[in-house]
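Input: a single structure, listed below in structure tokens.
Here is the naming used below: chain letters follow the sequence lines, and residue numbers restart at 1 for every chain.
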Amino acid sequence: MTRASFLLGYRTMLIEFDCSVQLSNVVKQAATSCEEFNDEFDPQIRTADPRFGDFQANGVLPFAKKAGLNPRELSEKLLKSIPLSDYWNTSLAGPGFINFKLSEKYFFEWAKKFSDKQSIRSAIKEKKSKKVVFDFSSPNTAKQMHVGHIRSTIIGESLSRLFDFFGHQVIRDNHLGDWGTQFGILLLSIKKLGVSLEDLGADPIAKLEELYRQGNQLVKDNESNLDEARTELVKLQNGDSENLTLWEKIKEISMDSFLKIYDLLDVKFDFSLGESFYRDKVDEIYAKLLSFKICKEDDGALVVFHPEHKRFAKQPFIIRKSDGASNYATTDLATVQYRFEKWNAEEIIYVTDGRQRDHFDQLFLTVKKWYSAEDISPPKLFHVWFGTILGDDNKAIKTRDGQPIKLIDLLKEAIERAKLLIVEKNPSLDCSEVEKRAKIIGLGAVKYADLSQDRTLDYVFSWDKMLAMQGNTAPYLQYAVARINSIFRKAQSQPEDSFNIFQTSLSESERNLFRKLIFFPVVLKQTVKELKPHFLCTYLYELSTDFSSFYNQNKVMVENEKIRSNRLLLCSQTILFLKTGMAILGIETLQEM
RNA sequence: GCGGGAGUAGCUCAGCUGGAUAGAGCAUCGGUCUUCUAAACCGAGGGUCCUGGGUUCGAAUCCCAGCUUCCGUGCCA
């Protein structure tokens with residue numbers, strides 16, 4: 001084939017959303033015409049250092065090593081087989097990197113093609129949609145949600161949104177801790193103190209917590225009270241109607257308080273099947289695991305060992321306690337079965353604290369053996385774990401008197417702090433507008449602070465840092481969006497409007513912004529693959545800084561129609577990606593700040 | 001004891017799973033508003049990537065050993 005015909009082919013080639021996929025195909029195609037390469041060759045397209053280009057293919061080096069060839073010579077040969085294109089320039093560098101520098105033609109055509117919501121959604125959509133259950137938030141009933149629940153709730157919601165964006169079928173299931181031993185003490189307390197659950201005052205969940213504390217005291221004070229608490233629990237578990245009614249009421253009060261928080265955070269669940277839902281399904285689990293000889297009795301408890309595992313050969317997975325009661329291991333097994341059989345879940349993603357890693361490793365191993373014995377392939381199970389939120393003292397965050405911080409208080413404080421900043425900058429703004437913005441900015445800051453750091457690490461909680469306008473924060477991103485909105489107000493148009501494009505030469509900051517926009521799909525894929533929202537956050541922050549540079553150096557609303565139109569296109573795509581990305585993070589944006 | 005995280009600028013963190021001269025923000029110092037929001041932007045200084053070995057064209061990233069620190073480790077979740 002001649003170079004001319006190659007070129008012809010490229011003119012008709014469709015531009016893909018993910019440029020790295022496109023380049024990978026180009027390089028692979030070129031490799032087929034070089035006899036040295038075979039199917040194992042992976043071009044390894046990566047984003048490049050701006051000094052060298054926009055993307056680079058690293059794959060020749062490891063391939064040459066394996067084949068015992070000179071990498072530089074092999075790259076030269078491959079490069080010659082890559083057809084000329086007016087979409088990019090290629091160059092060879094170093095020991096054998098192939099660099100791609102995208103042309104202005106490519107930038108403009110790409111931006112034009114992916115300038116609206118529908119086009120990017122359909123471009124990113126996975127061909128095979130999966131049914132994925134997200135198990136997150138999962139607070140215990142009869143207690144208020146505290147700061148310890150925030151990460152699961154925010155990360156779980158964000159990942160759910162991300163999967164939804166990729167076109168998967170997402171089921172959000174709040175696996176409530178509603179069947180624990182806490183109910184014995186609570187029921188005792190309610191009965192001893194003669195409290196009516198219908199009349200707990202303005203803050204019923206706080207009252208329940210107090211009753212629990214009082215119950216604990218009763219149990220400590222008097223041995224017979226402890227026995228009574230146990231009796232109440234057994235009565236509940238055996239279906240005593242009075243206790244069940246109380247338990248239902250407690251659950252209702254708890255859900256009301258959770259919903260207030262979920263409303264604030266804009267989190268919605270498809271199901272809230274707690275541990276209690278599985279209480280009549282655990283016997284079947286015992287029977288099955290016993291029949292498959294996966295579990296055995298040990299010290300009176302029913303346990304699973306994994307002899308092939310260095311640690312779980314000795315460390316048991318206890319599925320039935322020696323007193324005959326089930327625990328969370330049992331309900332988690334029953335839950336896998338239910339989600340698989342009733343919902344046809346293909347994947348289940350658990351979002352919990354990293355301290356539960358052993359539990360989930362053991363659960364996953366047990367499920368694997370169980371389903372293997374049934375000769376069925378189980379759903380894929382993933383544990384998305386996260387670190388601890390630390391206070392100033394680098395220890396798990398607590399109030400001054402050592403109590404866990406109530407989540408509702410934390411969220412309210414975020415809103416209050418945001419309010420102060422808004423009023424400081426806009427003293428004449430009316431109250432309702434201040435309220436509205438404070439909610440968006442304050443809650444956005446809290447969410448972003450959590451999502452923007454690698455979830456597997458502990459992080460230090462800092463109001464000043466998360467609400468700052470400089471650096472990797474939600475308000476900084478929201479400010480960029482507000483400035484773009486401001487430009488469109490002046491232009492008397494909308495970001496969604498269609499803009500004519502005129503291929504012009506680009507200033508440095510314009511080019512940088514285009515380049516960053518091109519990376520959006522690459523980052524989305526990385527985020528969903530690693531289940532780490534901070535990749536997306538880092539990208540959105542960089543996109544915002546590149547926009548800010550552009551904004552300061554290039555006036556959009558200029559006389560020259562071509563330049564104006566092109567810059568509006570850039571603004572339009574920037575705000576589209578920012579808003580899309582932030583929506584995945586669960587963060588709202590504003591017209592004005 | 002065993003197992004698992006973490007250790008990168010004074011501080012808080014990134015670093016695309018082995019790529020080119022390790023990057024941001026804060027803090028410090030200096031500059032930019034008659035302009036679409038200066039809540040911003042531009043620039044400067046700041047590094048034994050915990051230590052020591054190893055693997056190779058190439059290591060913050062992989063393997064081994066050690067140090068510091070956090071967490072888990074039989075009836076809580």
Side-chain angles (χ1 to χ4, degrees), chain A residues 20 44 46-49 51-52 56 58 61-62 64-65 70-72 93-97 99 138 140 177 180-182 275 298-303 309-312 314-323 325 327-329 331-332 352-359 361 385 387-388 390 394-396 421-422 424-426 441 452-454 456-460 462 464-465 467-473 475-476 478-480 482-491 509 519 522-523 526 530 534-535 537-539 541-542 545 548-558 567 571 592-593:
Chain A
S20 72
Q44 293 189 17
R46 302 283 141 83
T47 57
D49 187 305
R51 283 170 304 199
F52 306 118
Q56 60 185 42
N58 295 342
L61 284 94
K65 187 201 270 186
N70 180 316
R72 175 90 193 184
F97 302 112
N99 293 321
S138 311
N140 294 325
T181 46
Q182 73 266 36
E275 291 169 340
D298 200 277
D299 280 352
L302 202 58
V303 305
H309 192 282
K310 52 192 163 188
R311 208 152 21 93
F312 303 144
K314 294 259 168 70
Q315 184 181 319
F317 187 56
I318 298 170
I319 61 170
R320 190 177 64 200
K321 300 191 281 184
S322 49
D323 64 3
N327 63 5
Y328 72 127
T331 49
D332 274 345
T352 85
D353 194 285
R355 285 173 294 195
Q356 295 183 39
R357 265 181 299 164
D358 276 0
H359 166 72
D361 286 348
W385 57 274
T388 311
L390 308 174
N394 271 353
K395 288 181 180 165
L421 292 171
I422 292 161
E424 190 189 324
K425 300 292 175 190
N426 313 276
I441 293 170
S452 61
Q453 287 196 299
D454 187 329
T456 61
L457 304 180
D458 297 347
Y459 77 93
V460 178
S462 158
D464 291 339
K465 203 181 147 194
L467 284 162
M469 284 302 304
Q470 312 92 325
N472 191 9
T473 67
Y476 182 84
Q478 288 165 328
Y479 185 58
R483 295 218 281 198
I484 297 173
N485 279 324
S486 173
I487 291 169
F488 282 101
R489 276 197 300 278
K490 181 161 181 180
S509 61
F519 295 159
V522 180
V523 172
Q526 189 198 0
E530 304 289 330
H534 83 281
F535 288 133
C537 295
T538 303
Y539 170 79
Y541 172 57
E542 288 173 359
T545 57
S548 295
S549 296
F550 158 80
Y551 179 89
N552 274 272
Q553 286 163 38
N554 304 277
K555 191 169 163 60
V556 175
M557 294 308 293
V558 291
R567 288 182 179 166
C571 288
E592 294 176 62
M593 263 178 91

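A distance below 6.0 Å separates the ring centres of A:Y476 and A:Y541.
In this structure, CZ of A:R51 is placed 15 Å from P of B:G19, rounded to the nearest angstrom. The distance between atom CD of A:Q44 and atom P of B:U17, rounded to the nearest whole Å, is 8 Å. The nearest whole Å value for the distance from the OH atom in A:Y551 to the C1' atom in B:U32 is 14 Å. B:C76 atom P lies 15 Å from atom CZ of A:R320, rounded to whole Å. For the pair A:R46 CZ and B:G18 P, the computed distance is 8 Å after rounding to whole Å. Atom CZ of A:R72 and atom P of B:C57 are 17 Å apart (whole Å). Note: CG (A:L61) to P (B:G19) measures 11 Å, nearest angstrom. Summarising the geometry, the separation between CG on A:D464 and P on B:C26 is reported as 13 Å, rounded to the nearest angstrom.
Note: A:Y539 OH to A:F519 CZ = 8.5 Å, rounded to the nearest 0.5 Å.
Between A:Y476 and B:C41 there is a side-chain N or O to OP1 or OP2 distance below 4.0 Å. For A:K321, no side-chain nitrogen or oxygen approaches OP1 or OP2 of B:C75 to under 4.0 Å. At the phosphate of B:U73, neither OP1 nor OP2 sits under 4.0 Å from any side-chain N or O atom of A:R357. Distances shorter than 4.0 Å separate some side-chain N or O of A:S549 from OP1 or OP2 on B:C42. When the side-chain nitrogen and oxygen atoms of A:H534 are compared with OP1 and OP2 of B:G15, one or more of them lie within a distance under 4.0 Å. For B:G18, neither phosphate oxygen OP1 nor OP2 lies less than 4.0 angstrom from any side-chain nitrogen or oxygen of A:K65.
The nucleotide B:G74 finds no pairing partner, because no Watson-Crick or G-U wobble arrangement with both distances shorter than 3.5 Å includes it. Pairing for B:U32 is with B:A40, a Watson-Crick or G-U wobble pair whose two hydrogen-bonding atom distances lie under 3.5 Å. The partner of B:G47, taking Watson-Crick or G-U wobble pairs whose two distances both stay under 3.5 Å, does not exist in any strand shown. Pairing of B:A27, defined by two Watson-Crick or G-U wobble distances under 3.5 Å, is not identified with any nucleotide. Under the Watson-Crick and G-U wobble criteria, each requiring two contacts below 3.5 Å, nucleotide B:A9 is left unpaired.
The separation of B:G72 from B:G53, taken at their P atoms, amounts to 35 Å, rounded to a whole angstrom. B:G15 and B:A27 have their P atoms separated by 23 Å, given to the nearest Å. The P atoms of B:C50 and B:G10 are separated by 13 Å, rounded to the nearest whole Å. Of the C1' atoms belonging to B:G46 and B:U12, the separation is 16 Å, rounded to the nearest Å. For B:U28 and B:U73, the C1' atoms lie 47 Å apart once the distance is rounded to whole Å. One P atom belongs to B:U56, the other to B:U8, and the distance between them is 29 Å to the nearest Å. Taking the C1' atoms as reference points, B:A20 lies 15 Å from B:A60, given to the whole Å. Atom P of B:G23 sits at a distance of 14 Å from the matching atom of B:G43, rounded to the whole Å.
In terms of modelled atom types and a separation under 3.5 Å, the side chain of A:T388 and the main chain of A:A396 share no donor-acceptor contact.
Heavy atoms of A:D332 sit nowhere under 4.0 angstrom from any nucleic acid atom. Heavy atoms of A:E275 sit under 4.0 angstrom from primed sugar atoms or phosphate atoms, though from no base atom. Looking at heavy-atom distances under 4.0 Å, A:N554 makes contact with a base. Counting any heavy atom pair closer than 4.0 Å across all strands shown, A:S548 reaches sugar-phosphate atoms only and no base atom. Within the 4.0 angstrom heavy-atom criterion, only backbone atoms of the sugar-phosphate kind lie near A:T538; the bases stay farther away.
A:Q56 contributes a side-chain N or O that forms a donor-acceptor pair with the base of B:A20 under 3.5 Å. The base of B:G4 does not come close enough to the side chain of A:D358 for any donor and acceptor atom to sit less than 3.5 Å apart. In the interface, the side chain of A:D49 is not paired with the base of B:A22 through any donor and acceptor atom under 3.5 Å apart. Put simply, the side chain of A:T181 and the base of B:C76 share no donor and acceptor less than 3.5 Å apart.
Of the candidate nucleotides B:G25, B:G3, B:G15, B:G3 has the atom lying nearest to any side-chain atom of A:K310. Checking B:G4, B:A40, B:G74 against the side-chain heavy atoms of A:Y479 singles out B:A40 as nearest. Side chain of A:L457, nearest nucleotide from B:G19, B:U12, B:A6: B:A6. Listed candidates were B:A40, B:C13, B:G74. Nearest to the side chain of A:P316 is B:G74. Nearest nucleotide to the side chain of A:M557, out of B:A38, B:C36, B:G74: B:C36. Side-chain proximity of A:Q356 to B:C36, B:G74, B:A77: nearest is B:A77. Distance from the side chain of A:R355 is smallest for B:C71 among the nucleotides B:C71, B:C36, B:G3.
When the nearest nucleotides of RNA chain B are assigned to A:Q553 and A:R311 by heavy-atom distance, the more 5′-ward of the two goes with A:R311. Residues A:P62 and A:T388 each lie close to RNA chain B; by heavy-atom proximity, the contact nearer the 5' end of the strand is made by A:P62.
Where stacking is scored as ring centres under 5.5 Å apart with planes under 30°, A:F52 registers as stacked on the base of B:A20.
Scanning both residues, A:C571 and A:I484, for their nearest heavy atoms gives O-CG2, 3.7 Å. The minimum heavy-atom distance between A:A93 and A:R72, with the atom names listed, is C-NH1, 3.8 Å.
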Pair A:R311-A:D358, salt bridge (Lys or Arg N to Asp or Glu O under 4.0 Å): steps then yes or no: CA-CA 10 Å; A:R311 208 152 21 93; A:D358 276 0; 3.0 Å; yes
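The side-chain heavy atoms of A:L61 and A:Q44, taken from C-beta on, include no pair separated by under 4.5 Å. Looking only at side-chain heavy atoms (C-beta outward), A:K490 and A:I487 stay at 4.5 Å or farther from each other.
Below 30°, between 30° and 60°, or above 60°: for A:H359 and A:Y328 the angle between ring planes is below 30°, a parallel geometry.
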